[in-house]
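In what follows, every heavy atom counts, from backbone to side chain, and hydrogens, waters and symmetry copies are set aside. Numbering of ligands and ligand atoms starts at 1, following listing order.
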Amino acid sequence: MKYARPLPTYMVQRYQGWKATTFSENRSWYKRLAEEGQRPRAFIISCCDSRVHVTSIFGADQGEFFIHRNIANLVPPFTDDGDHHGTSAAVEYAVTALKVAHIVVLGHSNCGGVQGCYDMCSGQAPELEEKSSFVGRWMDILRPGYERVLEIPEAERKRALEKESILISLENLMSFPFVQDAVEKGDLTLHGLWTDIGEGDLHQYDPETKSFVQV
Ligand SMILES: [Zn+2]
């Protein structure tokens, strides 16, 4: 691979700082993690957005969360067509191999992926309708959510669509036979969360009221 290059200096310096402080001070903990393997209790599915700092907001350390990130924290429906399914592979490994007790779908405010879906579905982003658009075809997963938010006032639709990205992912998770099985046995619980980046607030889906309530 002739295109790989040395890291930029700022990243090398940050790494060396981490090795000399955080790592050195917790050397035995890292050694134990390496020897005993991972046993995360929770699997978090979040957006790729750099502002969503999954481990920070839960004060999590290494080994605590199994994490998968993609555009707009989406889980596609179960499809056994033999194709490349990165998100579905992460779901399968988390549930069948790691046997996590919780799956958390974490959405967020000001999501660019959700905005793209909104623009595409409302006819303002023809480039996303192209077959060649990876983002557009990925955001097709959220199209049923767009149909649902059309019932509410326009000013509230984008935020509602961010929450639909979480609900549709939870619905699609239940289409995986091994997820459904683990949930029905009581070995696995699903959680829907939405975080407001500017406020630092966290809201969770409440099935009783069918709404997101602040944690
Ligand atoms: Zn996002």
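Checking side-chain atoms of Asn26 against main-chain N and O of Thr22 turns up a donor-acceptor pair under 3.5 Å.
With sequence neighbours excluded, the residues that form a side-chain contact (heavy atoms from CB on, under 4.5 Å) with Ser88 are Pro76, His85, Phe176.
Ring centroid separation for the pair Phe65 and Phe43 does not come in under the 6.0 Å cut-off.
Under a 4.0 Å N-O distance rule, the pair Arg143/Glu129 qualifies as a salt bridge. Between Lys210 and Asp206, none of the side-chain N atoms (NZ, or NE/NH1/NH2) sits under 4.0 Å from a carboxylate O, so this pair counts as no salt bridge.
In this pair, Trp194 and His203 present their aromatic rings perpendicular. The plane angle is above 60°, beyond the 30 to 60° band.
Only protein N, O or S atoms were considered, and those under 2.8 Å from the Zn ion (ligand 1) are Cys47 SG, His108 NE2, Cys111 SG.
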